[in-house]
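Values below: all heavy atoms of this structure, side chains included; hydrogens, waters and symmetry mates excluded.
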Amino acid sequence: MSLTIRSVLPDDSVSIEEIRIAGWRVAYRGLLPDALLDGMEVRPQLVEARARP
């Protein structure tokens, strides 16, 4: 098995946001309302802001 580590690229922003949301759903299920967690979605404005250097 081989692993390559690289710097994040602007095109990675959507995937990073999807992983962040999935982490919240796993970590906070049962602590926060399901509706709040299930309603989380990728927000284009946040993705764009994080993609800027």
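Looking at D34 and R25, no side-chain N of the basic residue comes within less than 4.0 Å of a carboxylate O on the acidic one, giving no salt bridge.
At a threshold of 4.5 Å between non-hydrogen side-chain atoms, the residues L36 and Y28 do not count as touching. In this structure, E17 and V14 have side chains that are not in contact, with every pair of non-hydrogen atoms separated by 4.5 Å or more.
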Steps toward side-chain contact (heavy atoms from CB on, under 4.5 Å) verdict (R20, V42): CA-CA 9 Å; R20 186 188 71 80; V42 175; over 6 Å; no

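The backbone N or O of L9 sits less than 3.5 Å from a side-chain atom of D12, completing a donor-acceptor pair.
Atom CG of L37 and atom CG of L31 lie 9.0 Å apart (nearest 0.5 Å). Atom CG of residue D11 and atom CD1 of residue I16 lie 10.5 Å apart, to the nearest 0.5 angstrom.
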